[in-house]
There are 2 protein chains.
Amino acid sequence: MLLNTVSTDHLDASDIKANCASCNLRELCLPVGLNEDEIEMLGEVVSRKRRIQRGEYLYHAGSDFQSLFAVRNGFFKTCLLHEDGRQQVVGLHMRGELLGLSAISAEAYTCDAVALEDSEVCEIPFVKLEEITRIIPTLMHHFYKIMSCEIVKDHDVMLSLGSMKADERLAAFLLNLSQRFSRLGYSSLNFNLRMTREEIGSYLGLKLETVSRAFSKLQEEKILTVDNKYIQISDIKRLKSKIGISLCV
Amino acid sequence: MLLNTVSTDHLDASDIKANCASCNLRELCLPVGLNEDEIEMLGEVVSRKRRIQRGEYLYHAGSDFQSLFAVRNGFFKTCLLHEDGRQQVVGLHMRGELLGLSAISAEAYTCDAVALEDSEVCEIPFVKLEEITRIIPTLMHHFYKIMSCEIVKDHDVMLSLGSMKADERLAAFLLNLSQRFSRLGYSSLNFNLRMTREEIGSYLGLKLETVSRAFSKLQEEKILTVDNKYIQISDIKRLKSKIGISLCV
DNA sequence: CGGCTGGTTGATGTTACTCAACTCGCGTGG
DNA sequence: CCACGCGAGTTGAGTAACATCAACCAGCCG
């Protein structure tokens, strides 16, 4: 198991006032579509930046829900923990994405959020966000969209878990990552995985050995090159065809 | 395949003006927590009731998103369709639940919604709903909760698909149904399934034969009695222990 | 150096899928 | 009326896919 320290809730040296106006995620995160004044207002609500180290928990399942978090930098997983210690990864979250949406319904976090690398988040007290969504219709609309989008993403995962074979799931997973990296301006063909084989497996409903074998299989088929966590996609067309066509067997 | 007729979009004899104030789902559906005036406003927005026959589509994946739908009576499945014709059921929806939330992000429905029995829905034009959520903070808050709840439900399904065995998945599924029936005031121990073994299988990531075998197994273990679609749970404690404990093998 | 974590690969076991036969209930048409 | 086909469900036998168990390697850190 990971040797995690629980993230403390007090302000420390790593806490910095956030500023949406000057943030380079303006086009991806909550501020999408807002004018300068509105972004200023949103900036007032977004209370502060917080640094979270690799392996550290941003929040724990069951703890009191106060805030959403926007990933400003880094990579997180969210996971449900069984009584027996095994975990199901239910989400992977990168720059510009919101964490904690599932907590709104229960007024407590419903899963654990763990940093997969040293990360930075902006804390967004939900009560305040709710207030200003009333004042800024664009923001409310966008927030509805973000939540809806989360549901769509979950459906995609359900599709993958429910009706794909191991290598198809991995292909779908890699294509999804590829697309998200590309949206952030990174290469869509070469990237570093932030998570272990076990975490990928947990996300895809597979054991780590199966994930490893699926990687080897895709490599044998010359679709990609794997060097530990570094992935180079060499034939994205065939990678895509894994999802669409191999289902038609 | 089902011989479905596509639901038409024009008003016909089966369309009746909806009325939230007098609806017996007030405590479950959108009106939760609203006062009389607010419910009146909401009633103005909820445009009309629509009857959907068994097998009929409420909406199709890809078609223009205009409205959410509240299930007033009956039972729906939502599903994603593969190119090869196979489908993944991503949701099952009963009285008091909202349909179409995943469409908000894309401005088009992302899945098909099909009635599993003769049903009634209230149509809620989303633009109008959005307007009044600005005016009625309680409604906005509740709508956020509903969307968040949808995400939580999806996570539960992902947990089931990703890390449970066939009979555990079925147990989790039945317990979920049981709970939802009970919330609606129906028996939590005897109920009729509205869906076929194939649809259950699609929802749980299993083949219909496997679902059938899982039912037989639970019956052999004297946990429940199966008579075609009619289920009687005779030992709910052991049914529950299927999910918690058999994971610890 | 030795121990640890993360990853790969092989041999074997288990689960669920596939294919097939059969039943039951229902509706249709000769 | 019964024969028939059809869809839904159950059950059995054989098989494919994934899990499990185990050995091994590489990199990292104390």
Side-chain angles (χ1 to χ4, degrees), chain A residues 1-4 54-55 77 84 86-89 114 116-117 160-171 173 192-220 224-231 242 246-249, chain B residues 1-4 54-55 77 84 86-89 114 116-117 160-171 173 192-220 224-231 242 246-249:
Chain A
M1 292 282 115
L2 294 166
L3 295 168
N4 298 304
R54 182 176 140 74
K77 70 172 174 184
D84 66 352
R86 269 190 300 175
Q87 58 177 29
Q88 171 73 30
V89 173
V114 184
L116 295 179
E117 58 184 12
S160 154
L161 288 170
S163 50
M164 289 186 187
K165 299 216 220 100
D167 55 335
E168 297 166 346
R169 290 186 207 182
L170 186 62
F173 169 72
N192 269 294
L193 298 173
R194 268 57 176 208
M195 66 297 286
T196 64
R197 301 289 189 262
E198 186 170 13
E199 285 160 340
I200 297 173
S202 169
Y203 188 56
L204 299 179
L206 302 168
K207 292 294 155 184
L208 66 97
E209 294 95 329
T210 308
V211 174
S212 179
R213 279 184 241 270
F215 269 125
S216 301
K217 191 179 168 198
L218 291 176
Q219 188 162 241
E220 268 170 41
L224 47 78
T225 316
V226 187
D227 179 11
N228 215 332
K229 290 196 159 53
Y230 182 64
I231 307 295
K242 280 268 162 190
S246 52
L247 288 169
C248 308
V249 175
Chain B
M1 291 287 114
L2 294 166
L3 294 167
N4 299 304
R54 181 175 140 75
K77 71 172 175 184
D84 65 353
R86 268 190 302 175
Q87 58 176 28
Q88 170 73 29
V89 174
V114 185
L116 296 180
E117 58 184 12
S160 154
L161 288 170
S163 49
M164 289 187 187
K165 298 215 220 91
D167 56 334
E168 298 166 346
R169 289 185 208 182
L170 186 62
F173 169 72
N192 269 295
L193 297 174
R194 269 60 174 204
M195 65 298 287
T196 64
R197 301 290 189 263
E198 186 170 14
E199 285 160 339
I200 297 172
S202 169
Y203 189 54
L204 299 179
L206 301 167
K207 293 294 156 186
L208 67 97
E209 296 94 329
T210 307
V211 173
S212 179
R213 279 183 242 272
F215 268 124
S216 301
K217 191 179 167 199
L218 291 176
Q219 189 162 241
E220 268 170 42
L224 47 77
T225 315
V226 188
D227 178 11
N228 217 329
K229 288 196 160 52
Y230 182 62
I231 307 295
K242 280 268 163 190
S246 51
L247 288 168
C248 307
V249 176

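Both backbone and side-chain heavy atoms feed into the values below; hydrogens, waters and symmetry mates do not. Source: prediction; values computed, not measured. In what follows, chains are A, B, ... by sequence order, proteins preceding strands, each numbered from 1.
dT9(C) atom P lies 8 Å from atom CD of Gln219(A), rounded to whole Å. The interatomic distance linking Leu170(A) (CG) with dG7(C) (P) rounds to 13 Å, in whole Å. Here the C1' atom of nucleotide dA17(D) and the CD atom of Glu168(A) are 12 Å apart, to the nearest Å. Atom-to-atom, CG of Asp167(A) to C1' of dC18(D) comes out at 12 Å; the value is rounded to the nearest Å. The nearest whole Å value for the distance from the CD atom in Glu199(A) to the C1' atom in dG6(C) is 11 Å. Following rounding to the nearest Å, Leu206(A) (CG) and dT8(C) (P) show an atom-to-atom distance of 14 Å. Taking atom CZ of Arg54(A) as the reference point, atom P of dC28(D) lies 12 Å away to the nearest angstrom. Rounded to a whole Å, the CG atom of Leu161(A) is 16 Å from the C1' atom of dA16(C).
For dT20(D), the OP1/OP2 oxygens have a side-chain nitrogen or oxygen of Lys207(A) closer than 4.0 Å.
If you check every strand for non-hydrogen atoms under 4.0 Å, Gly201(A) touches nothing.
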What protein N or O atoms touch nucleotides 9-12 of chain D N or O atoms at under 3.5 angstrom, if any, and at what distances?
unit_1	atom_1	unit_2	atom_2	d
dG9(D)	OP1	Lys229(B)	NZ	2.8
dG9(D)	OP2	Arg197(B)	N	3.0
dT10(D)	OP1	Arg197(B)	NH2	3.1
dT10(D)	OP2	Arg197(B)	NE	2.8
dT10(D)	OP2	Ser212(B)	OG	2.7
dT10(D)	O5'	Ser212(B)	OG	3.1
dT11(D)	OP2	Ser216(B)	OG	2.6
dG12(D)	N7	Arg213(B)	NH1	2.9
dG12(D)	O6	Arg213(B)	NH2	2.9

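Here OG1 of Thr225(A) is found 11.0 Å from CG of Leu218(A). Values are rounded to the nearest 0.5 Å.
Under the rule for a side-chain contact (heavy atoms from CB on, under 4.5 Å), Ser216(A) has no partner lying at least two apart in sequence or in another chain. Residues satisfying the side-chain contact (heavy atoms from CB on, under 4.5 Å) test with Arg213(A), not counting sequence neighbours, are Glu209(A). Listed by chain and residue number, nothing satisfies the salt bridge (Lys or Arg N to Asp or Glu O under 4.0 Å) test with Arg197(B) (two or more places apart in sequence, or in another chain). When the salt bridge (Lys or Arg N to Asp or Glu O under 4.0 Å) test is applied to Lys217(B), the partners found at least two apart in sequence or on another chain are Asp167(B). Under the side-chain contact (heavy atoms from CB on, under 4.5 Å) criterion, Thr210(A) pairs with Ala166(A), Leu206(A), Lys207(A), not counting sequence neighbours.
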